[in-house]
Amino acid sequence: MAAPIAAPPANLQGAVSSIPLPRSCTSDRLWRNRDGSQYSDRNGKSDQPNFILGSAFLEELKRTAAYIAQPGKGILASDESNATTGKRLATVGLDNTEANRQAWRELLYSAPGLGNYISGTIMFEETLFQSTRDGVQFVDILKKQGIVPGIKVDTGLQPIDGTDGETATQGLDGLGERCRRYYAQGARFAKWRAVIKVDSEKHPSSTSILENAHGLARYAQIAQANGLVPIVEPEVTLGPGDYSIERTAYISEKVNSHVFRFLNEYNIILEGILLKPNMILPGLDVPTPPPEEVAKYTLRTMMRSVPGAVPGIHFLSGGMSEEEATLNLNALQAYGPTPWSLTFSYGRALQSSTLKIWSGKEENWKAAQERLVALARANSEAQLGKYTGPHPSPGGTRILQTLRLGGAGK
Ligand code: 13P
């Protein structure tokens, strides 16, 4: 029998426990018997001891997830690998040096007022251990703004031999040990991105769906066992082709359903995860649908495939333009109330114009920070269904990237 999970070191416990749970978080009540005592097991007669349920991390996991999913807030995804960050910096003429990557992340994390709209930030490993130019650790400036530090823990994509270019996400080896180091450094949530290729007939294969759902569940189990809320990210990627919005909806429903089946097999506490899916869009050769249509298909997919115990669905921007990402998020709120919050975990849709404005020039620092906060505010309003515009970065085209294999993440 495996050893019970150790308690977290006392000095690291409760990093967010002083923060009251949002009123919207009702699931906590469902964890108690009528006399107020805590359930000891999922159904009281499981023959498989569930170590997470006995873990000192249980309350903290639920609290962290509820905090990040609170109304009017979302996640800033800034966990691009050094290779991808280099490609982004190159678009504004900057070299891929550690100093430039550090300066770019400092600009993002120290933006005044960012914490009014952002509840969590995903970082790459290098960044988690970095400091500002004045020597203040990034994790400390984030926590001061009420932003929970998070960490990408997957190590990137590898082709699945025997398929037509489909991929599996790597990073399970040594993951427990890495999670413990990240927790000690202040991270309280994690991310693992699984990529599912879609087209009008052949893809995804069932090999790809099963492999990726399994990987997400094993990762989620290891993250929860070590005190990190897992962001579970099954990304049905926006790609070339004329496949319909119906097709993406069908595939995403199928993928999510497999993911939750595996999460169940691995005894994942659903109140202690966050889901990061794609919005439902047709292939790139199909004209961009209006926000109402995207919202209708996206909500239907989530209702069919995501249990209500999950506190937050944090959509990725996945190539949508900055304005499109905000408008679609706003349209999604028209169907509420929903069991989970429908919110954002945007990378490109928060960073693209911010990076262009900065372009590595000290004199543009403040204007770039103001753009980031304006984009975060627009998406915060959209999360509340109150976005009326004008958008800080109007119009704009899709922000596409090619799939990167090998290496350390996207
Ligand atoms: P995008 O919003 O740019 O898709 O990035 C979010 C993310 O973290 C994908 O893994």
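For clarity, every value in this text was computed on a predicted model and none was experimentally measured. Counting starts at 1 for both ligands and their atoms, in listed order.
Checking only distances, L316 never comes within under 3.5 Å of ligand 1, N or O to N or O.
Judged by distance alone, with hydrogens and angles left aside, the side-chain atoms of T127 form no donor-acceptor pair with the main-chain N or O of M123 at under 3.5 Å. S341 contributes a side-chain N or O that, together with a main-chain N or O of A69, makes up a donor-acceptor pair within less than 3.5 Å.
Annotation: the span from M279 atom CE to S317 atom OG amounts to 8.5 Å, rounded to 0.5 Å.
When R348, K191, E235, K276 are checked for heavy-atom proximity to atom 10 (O) of ligand 1, K191 turns out nearest.
Listed by number with element, the atoms of ligand 1 under 4.0 Å from a non-hydrogen atom of S317 are 1 (P), 2 (O), 3 (O), 4 (O). If you number the atoms of ligand 1 from 1 as listed, the ones under 4.0 Å from a heavy atom of G318 come out as 1 (P), 2 (O), 4 (O). Under a 4.0 Å criterion applied to the non-hydrogen atoms of Y346, ligand 1 contributes the atoms 2 (O).
Aromatic rings from H314 and Y346 are positioned such that their centres are separated by 6.0 Å or more. A distance below 6.0 Å separates the ring centres of F57 and Y183.
Distances from ligand 1 to the non-hydrogen atoms of D79 include at least one value under 4.0 Å.
Counting heavy atoms closer than 4.0 Å to ligand 1, residue S345 contributes backbone atoms (N, CA, C, O) but none from C-beta onward.
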Given side-chain contact (heavy atoms from CB on, under 4.5 Å), test F138 with R105 step by step and report yes or no.
CA-CA 9 Å; F138 280 161; R105 266 56 183 259; 3.9 Å; yes
